[in-house]
Every structure is written in C-alpha cells, then in structure tokens.
Number of protein chains: 2
Amino acid sequence: MVVLEHFLPYRLNVLASLTSNALAQIYAERFGLSIPAWRVIATLGQYEYRTARDIAAHGVMHKSTVSRAVSALEQRGLIARRPNEDDRREELLQLTEEGREIYEALAPEALAFEERFISVLTEEEQRVLASLIDRLSGHARQMAPEGEAEG
Amino acid sequence: MVVLEHFLPYRLNVLASLTSNALAQIYAERFGLSIPAWRVIATLGQYEYRTARDIAAHGVMHKSTVSRAVSALEQRGLIARRPNEDDRREELLQLTEEGREIYEALAPEALAFEERFISVLTEEEQRVLASLIDRLSGHARQMAPEGEAEG
DNA sequence: AAAATTTTGTTGCTGATGCAACTAATAGGA
DNA sequence: TCCTATTAGTTGCATCAGCAACAAAATTTT
C-alpha cells in the first residue's frame, strides 16, 4: 500500500512547493516577478551575458517559458537584448541598470530566505542534504533523460 | 550573489520536478491519471472512505483541484460519492471496484519507482533524507502558514 | 553550391491551476 | 427562533505551463 505521507516523490513535491510558494511571494509582492523571471534575472546577475538558450538550460526551464519571461522583462526595461553578430539566430541578453538594481535588492533577500529556511538544520546536516539532493538529481536525470522542470 | 545551482529552493524544485514528471508519465501513460487524480486514488486506497476536504488536506491540494479531480474520476467510474446523511454538505467518497483495481495495479508501480529512484542512497542515507525532509517541511509550514501545494 | 538537417527563439493552442465568488448546509449567538 | 458566521464543495475567470508548429539562421551532406 502507498502511504502518501511516506511516499518520497510526494514529500519532495510538498516540500518544494512550500518553499517555492513562500519564495515566490517575495518575488511577486516585492518586485512583481514570476519564478521564471527570477531565474532569468538570477542567471544574468551571475553571468552578465547569456542567450535564452543558456538561460533555459541553466534554470531548467522550457524554452517557451524563457522566451515569455524574457519578453516581459524586456518590456519592463529590466533586461536588454542584442543580436549576436556571429550567429544571428541568437540574442545576447543582459540586465539593464534597473534590472541589476532589482537583482541586487532581491539576491540578499533570497539568500536570507534560504538561510532562514535551512536554519533548522545544522551545518553538517545542510552539507549532507545538499549532497543527497545532488546524487538524487543526477540519478533522476538518468532515469528520465528528456525534459525541463517547472517554472 | 545567488548561484542558482547552489540555491536550495531552486534545487529542491528541480529535483521534485524531475521525479514528479517521471512518475506522472507512469500515471498518465499507463492509467490516464493526473497527479491530483493519483493523490485522490492513493488517499482512498489508503483510507476507504474520505470526504473531499479530507483528501485535500491529506494530499496538500487546493479544494478546487480536488473537486475537479473527483469529478473526472467519478465520470470515469473510478470513485463513487455518497452524501453524508449526518451533514449533507459533505460527500463520502470511495473507490469503485474498478477504481480499486487501478489502485492495486498502480500502487506497486509507484513503490517500484520510488525504490528505483532512491536506490542510489544507502538505507541509512534514506532514513537521514526522510528525516531532513520532515524537519524542513515542518519548518517551512511555520514560515508560510497558509497555502496548498502543486497538483 | 544546393538540399537537407539542426538550432534558436516565437507563438497559437490546449489543459491545468489557484483565486474568488457563489450555493447549500450547518452551527452559533442574541 | 431569527440572524449571522462558518464550512463543504463547485465553478467562472484569468494566468501560466508545455507542446507542437513555425520562421530564420547556421551547419552538414552530397
């Protein structure tokens, strides 16, 4: 018999949703950003220039999700696109000044949230958790090669 | 700076999505069930009689999600509703014979998937992971009291 | 060099989700 | 008892996700 409360995929989903929703509230209420938008901004904050394709891979999102998030962010003036002259299929994306300001306001809050969230665990437990997640993710990717994750 | 690959909420989401998608494929392709539908069936498989409200709480789903899943399952003849004579706002739900057959075919597959999925970890690591997830979930619930999780 | 294939990114469509408003039933208070 | 508040469940609405089809550009094959 499957006891839902003990079923690992279920529990992972519940935990991920709890944290995701709590975080999304910060993104949305304070900065009007969706989770995909946040991932785009976080990627560009980290790497300066990236293409939509890179961002999708980095943020584990579907390319259409990224495309729409990028459009919205561009309209809001938070990121800028510039065609790549060497390969005109691609566009290089980067944060505008305003985009970077938002990133720099948001990043510490995201990290503070993570810190608060994970503070029930000891440092050692945090390391163990990170390692277990890594191994499970690697294994899960092998089990189901294709596919992007939620946004 | 937020390094997405190291950011715990992000990593939890990716892992949960990976497992969820892989599992959902089994539910969907083999039995035509969505995740909410699976949770309803799993709950009724476990408890026999339940109200929609119980199922929502047990499966951490929004009541509208449960309502629609229940309607669909009823139409397919997998569950039956019976008004509670003592409180006619409620309806008691239970699996039909066909519903139970599906549950009994699906449950072992779900458990086998879980087993395969978690088999990269030792028994001891599995226990540790379960405990860490429990503590984090409990803590996350305190941080953001309201709210249901994905379906 | 022409044709076929692959790749980047966009968009129409469909289905799912959560919120909020609603109905019906019950419980509680004056 | 009547009036209000709460609760179970449904449904309209807006949003959002992913798929698949597509256009444009680059790459590979012959």
Side-chain angles (χ1 to χ4, degrees), chain A residues 13-14 16-18 20-22 24-25 27-29 32-40 49-75 79 81-93 144 146-151, chain B residues 13-14 16-18 20-22 24-25 27-29 32-40 49-75 79 81-93 144 146-151:
Chain A
N13 254 299
V14 169
S17 294
L18 283 171
S20 213
N21 291 340
Q25 220 167 318
Y27 304 151
E29 286 179 4
L33 298 177
S34 64
I35 289 180
W38 153 249
R39 288 187 182 174
V40 169
Y49 290 98
R50 289 282 114 160
T51 68
R53 196 200 159 280
D54 297 331
I55 294 173
H58 185 247
V60 195
M61 293 180 288
H62 196 268
K63 62 181 180 173
S64 62
T65 304
V66 174
S67 173
R68 286 180 181 122
V70 164
S71 293
L73 289 170
E74 189 194 22
Q75 277 203 322
I79 71 180
R81 348 158 76 118
R82 179 163 62 75
N84 176 358
E85 290 304 331
D86 296 339
D87 182 343
R88 283 197 319 249
R89 287 172 303 184
E90 298 183 341
E91 293 179 303
L92 292 174
L93 306 170
E146 326 288 339
E148 296 83 14
E150 72 99 55
Chain B
N13 254 298
V14 170
S17 293
L18 283 171
S20 212
N21 291 341
Q25 219 166 319
Y27 303 151
E29 286 178 7
L33 298 177
S34 64
I35 289 181
W38 152 250
R39 290 189 182 173
V40 168
Y49 289 98
R50 289 282 114 160
T51 67
R53 196 199 159 280
D54 297 331
I55 293 173
H58 185 246
V60 194
M61 294 180 288
H62 195 268
K63 63 181 181 172
S64 62
T65 305
V66 174
S67 173
R68 286 189 256 253
V70 163
S71 293
L73 289 170
E74 188 193 23
Q75 276 203 322
I79 70 180
R81 347 158 76 120
R82 180 163 62 74
N84 177 357
E85 292 303 332
D86 295 337
D87 181 345
R88 283 195 320 247
R89 287 172 304 183
E90 296 183 342
E91 293 179 304
L92 292 173
L93 306 169
E146 325 290 339
E148 295 82 15
E150 71 98 58

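These numbers come from the heavy atoms of this one structure, side chains and all, not from hydrogens, waters or symmetry mates. Numbers restart at 1 for each chain; the letters A, B, ... are given by sequence-line order, proteins then strands.
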Extract all donor-acceptor atom pairs below 3.5 Å that involve side chains of residues 66-75 of chain A and protein atoms in other chains or at least two apart in sequence.
{"residue": "A:Ser71", "atom": "OG", "partner": "A:Ser67", "partner atom": "O", "Å": "3.1"}
{"residue": "A:Glu74", "atom": "OE1", "partner": "A:Arg81", "partner atom": "NH1", "Å": "2.8"}

Every protein N/O lying under 3.5 Å from an N/O of nucleotides 22-27 of chain C:
{"residue": "C:dT26", "atom": "OP1", "partner": "B:Arg88", "partner atom": "N", "Å": "3.1"}

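As judged by a 4.0 angstrom heavy-atom cut-off over every strand, B:Thr51 is placed among residues touching the sugar-phosphate backbone only.
Scored by the side-chain contact (heavy atoms from CB on, under 4.5 Å) test, B:Asp87 finds B:Asn84, B:Arg89, B:Glu90 as partners (sequence neighbours excluded). Not counting sequence neighbours, the partners of A:Glu85 by the side-chain contact (heavy atoms from CB on, under 4.5 Å) test are A:Pro83, A:Arg88. Remark: B:Ser34 pairs with no residue by the side-chain hydrogen bond (donor to acceptor under 3.5 Å, both in side chains) rule, at least two apart or across chains.
B:Thr65 contributes atom OG1, which lies 9.5 Å from atom CZ of B:Arg39 (distance to the nearest 0.5 angstrom).
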| request: Begin from the C-alpha positions of B:Arg50 and B:Val40 and carry the test side chain to side chain contact (heavy atoms under 4.5 Å, CB included) through to its verdict. | output: CA-CA 10 Å; B:Arg50 289 282 114 160; B:Val40 168; over 6 Å; no

| field | Verdict with reasoning, A:Ile35 to A:Ser20, per side chain to side chain contact (heavy atoms under 4.5 Å, CB included) | value | CA-CA 8 Å; A:Ile35 289 180; A:Ser20 213; 3.4 Å; yes

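In this entry the distance linking CE of B:Met61 with C1' of D:dA8 reads 15 Å, nearest Å. Protein atom OH of B:Tyr49 is 20 Å distant from nucleotide atom C1' of D:dA8, rounded to whole Å. The distance between atom CZ of B:Arg53 and atom P of D:dT10, rounded to the nearest whole Å, is 14 Å. Rounded to whole Å, the distance from CD1 on B:Ile55 to P on D:dT10 is 11 Å. Note: CG (B:Leu73) to P (D:dG9) measures 15 Å, nearest angstrom. Distance A:Arg82 CZ to C:dG9 P: 14 Å, rounded to the nearest Å. In this structure, CD of B:Glu90 is placed 13 Å from C1' of D:dT6, rounded to the nearest angstrom. Rounded to an integer number of Å, the gap from NE2 of A:His62 to P of C:dA16 is 17 Å.
Taking only distance into account, the side chain of A:Arg68 never meets the base of C:dG9 through a donor-acceptor pair shorter than 3.5 Å.
Dashed line: the shortest gap from a side-chain N or O of B:Ser64 to OP1 or OP2 of D:dT11 is not under 4.0 Å.
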